[in-house]
Protein chains: 2
Amino acid sequence: MKRKLFERGGQDKDRVTLADVAAHVGTSTITVSRAIRRPEMVSEALRKRIAEAVDTLGYVPDPAAQALASRRSRVIGVLIPSVTNSVFADVLSGLYDTVGKTAYSVQVGNTRYDPLTEEELTRVFIGQRPAGLIVAGIDQTSNTKAMLERAGCPVIQIMEFADGPIDSMIGFSHRDAARAATEHLIAQGYKAPGFIGARMDPRSQRRLNGFRQALQEADIPIGCREITTVDPSRVGLGASLLDTLLERAPETDAVFCNNDDLALGVQFGAQRRGLKIGAEFGICGFNDLEVMAAAYPAITSVRTFRREMGMLALQTVLDNLDDPEKQPTVTDLGYELMARASTDRQTGR
Amino acid sequence: MKRKLFERGGQDKDRVTLADVAAHVGTSTITVSRAIRRPEMVSEALRKRIAEAVDTLGYVPDPAAQALASRRSRVIGVLIPSVTNSVFADVLSGLYDTVGKTAYSVQVGNTRYDPLTEEELTRVFIGQRPAGLIVAGIDQTSNTKAMLERAGCPVIQIMEFADGPIDSMIGFSHRDAARAATEHLIAQGYKAPGFIGARMDPRSQRRLNGFRQALQEADIPIGCREITTVDPSRVGLGASLLDTLLERAPETDAVFCNNDDLALGVQFGAQRRGLKIGAEFGICGFNDLEVMAAAYPAITSVRTFRREMGMLALQTVLDNLDDPEKQPTVTDLGYELMARASTDRQTGR
DNA sequence: AACATGAATGACAGCGCTGTCATTACTTGA
DNA sequence: TCAAGTAATGACAGCGCTGTCATTCATGTT
């Protein structure tokens, strides 16, 4: 097995530059550059010949040189707390789809739910002179916020809808969505709904607040039906948190879960206990992953628009880049309660 | 709401460069550069003063300038067919974790299971002079392969274990893993195992081959118990493919699914039909997502080491970068059959 | 005929850093 | 004592591109 060494020059010899294309066409480098970036500034005849030369020579622009010369990279930085969490995976999918064939690329930073990591990544990202920044949430440190305000590029906060955006914002109210879910449980006739939450980050905390608010407005005492942990969410965790909940508060007849993984785990746990899902015990998740509708019985959840959020965030960056005078926008994508068998007290009767 | 315009210079005025640091310390830029990149080449006293200056001035290197001058970026390109699929999300998680605090960053390209998109992305990535490339699978077009061979950087193929690697390779044999799963079904006493597969990409095809091989070796005719579709996998699809399977081949008493989403959907579908999981109908998935063990009943699956694959791939790139003469490696991460209730014929008896 | 206008193109410097080679100040062994 | 080595630092050019300003030339205007 022969080994190529990764020494410099190995592949630089045959790198095709703007100058090569220009020489091939018999024009200047700057014209080639313009033919690619602002075709309307170059006569059609020349443009065509340049396009051909680019094709035959296989010219690919050097993004580093572009970034250095223009003082702007074509990288759109994305800061999210987790890449595994399917919620963020969906957002990413929307981002990647929209960035698709544009000249931009997205670069993802994983903050791991840590504000200081987020701050550090923000510093590094801004050091790259990004074309835009998309950050999850509104709970940045004040340093991070200050940097984002002076970033000199569009900044989009996603996953939340709240006051005081840094620039643009696209999301929904976690509190309202959670309250709607809890109100649904109450409306269905459950008398003692509980809350199960994992990874109690600020977003989860807001959901808990929504849950509390709904109970309070319905004059239902919360008792000790709030079970939370800082551990990351897993399906398996749902069942064990259910055990804890029913031990501490045996009166519980329904549960609103922080997210769908937990809800699915709660359902498995309830089935193992022999509880009749829906009739005896109501379950509501959050996000409405695809599995919720497919489960047996199907599980109620609050649908959130994650792919749409990613697509819209990316599109907003592109729009701002097109028109730098564009005003910041604040968009509420809302939510939708998907009522299913798991909160239907007639089911299985 | 006052709008900042994203005009150039907006934030460039206060950009701190190597020259600023050098002036502050009273040395040359090249020495500052060395103090950062190869500290052992600079005397300890100077190094310390430079470090302080970097801190107080808040110097952040410009990756574009670094890449342009050194003819190497610090970007590690990753080409995967999907970002939503939790299999690849796990791989990504391993990559991000390992790249962590290194000076490198990963940039993900989404090929959407399309070889031509993959080819185009490869061209773009190589144009960035990446530090390394990590590509999923072995089914690249010949153009893509040719480009990868001349990439001038480490290239790691992941998710597969096969002959003829481009450079290094880290994965496992999908055929062997699928065969092991099928053999397990047979050993458990199921007489007519079927196959359910979605998104029949090359990897899925290899799994199907493993399934066939196991049946053949056990002298079990396949009949019409192979149900496949090119549609992307979803939990909901599992149940409908199960319907098709049982309609076409009512004798089917077990099923090996292409992946865990389908297996979960099959289980829900089987429950809806009133089948006793395990005793009457065996189910085996592929990948062993966390939900499989948590499901009720727990579902048998073939565990694959996706995070590990991501971590090892990234580490292999770093190792190659450290020592450019390092020989390519080919690693089989294997698989592990996780036998659970869903393939236990005694369960629920 | 003289001049303004705008479209198309080009010259040139320089973005911020690093590879390369040179220089300086110290050792060290014979 | 001195050639020869070594550690520490610096000078300089240039990576590939784009912003800026200059130039050319056809066209229209008075």
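Every chain is numbered from 1 and lettered A, B, ... according to where its sequence line falls, protein lines coming before strand lines. All figures in this text were calculated on a predicted structure; none of them were measured in a lab.
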Inset, instruction - Answer yes or no: side-chain N or O of A:Arg34 and base N or O of C:dG10 forming a donor-acceptor pair under 3.5 Å. - result: yes
Inset, instruction - With rounding to the nearest 0.5 Å, note down the distance linking CG in B:Leu79 to CD1 in B:Ile134. - result: 10.0 Å
Inset, instruction - Drop me the distance from B:Thr98's OG1 to B:Glu308's CD, to the nearest 0.5 angstrom. - result: 10.0 Å
Inset, instruction - Between B:Ala65 and B:Val42, just flag the one whose closest nucleotide in DNA chain D comes earlier from the 5' side. - result: B:Val42
Legend entry - side chain to side chain contact (heavy atoms under 4.5 Å, CB included), paired with B:Tyr59, selected from B:Ile36, B:Val32, B:Ile50: B:Ile36
d([atom1], [X]; [atom2], [N]) in whole Å:
| X | N | atom1 | atom2 | result |
| --- | --- | --- | --- | --- |
| A:Glu44 | C:dT9 | CD | P | 12 Å |
| B:Asp62 | D:dC15 | CG | P | 18 Å |
| B:Met41 | C:dT18 | CE | C1' | 12 Å |
| A:Ile36 | D:dG16 | CD1 | P | 15 Å |
| A:Glu40 | C:dA7 | CD | P | 11 Å |
| A:Leu18 | D:dG16 | CG | P | 10 Å |
| A:Leu68 | D:dT18 | CG | P | 11 Å |
| B:Arg71 | C:dG16 | CZ | C1' | 14 Å |

Between [X] and [N], does any side-chain N or O lie under 4.0 Å from OP1 or OP2?
| X | N | answer |
| --- | --- | --- |
| A:Arg15 | D:dC15 | no |
| A:Gln66 | D:dC17 | no |
| B:Arg129 | D:dG16 | yes |

Looking only at heavy atoms, which two atoms of [X] and [Y] are closest? And how far apart?
| X | Y | result |
| --- | --- | --- |
| B:Ser33 | B:Leu18 | CB-CD1, 3.7 Å |
| B:Pro130 | B:Cys153 | O-CB, 3.5 Å |
| A:Leu133 | A:Phe125 | CD2-CD2, 3.8 Å |
| A:Ala151 | A:Arg72 | O-NH2, 3.9 Å |
| B:Val317 | B:Pro154 | O-CG, 4.3 Å |

Inset, instruction - Look at the side chain of A:Ser43 and decide which nucleotide, out of D:dT18, C:dT18, C:dT9, has an atom nearest to it. - result: C:dT9
Legend entry - A:Tyr59 side-chain proximity, nearest of D:dT9, D:dG16, D:dC17: D:dC17
Legend entry - Contact residues, residues 22-31 of chain A to DNA chain C [heavy atom, < 4.0 Å]: A:Thr27, A:Ser28, A:Ile30, A:Thr31
Legend entry - Pairwise 5' ranking along DNA chain C for A:Ala69 and A:Leu46, keeping only the more 5' one: A:Leu46
Inset, instruction - Select base, sugar-phosphate, or nothing to describe what A:Arg37 touches, counting heavy atoms under 4.0 Å on all strands. - result: sugar-phosphate
Inset, instruction - Would you mind reading off the bend of the helix from C:dA1-D:dT30 to C:dA30-D:dT1 from its two end axes, five pairs each, to 10 degrees? - result: 40°
Inset, instruction - Please say which of B:Glu119, B:Glu118, B:Arg123, B:Glu120 ends up in a side-chain hydrogen bond (donor to acceptor under 3.5 Å, both in side chains) with B:Asn143. - result: B:Glu119
Legend entry - Lys/Arg-Asp/Glu bridge criterion (N-O < 4.0 Å) met for B:Arg112, B:Asp114: no
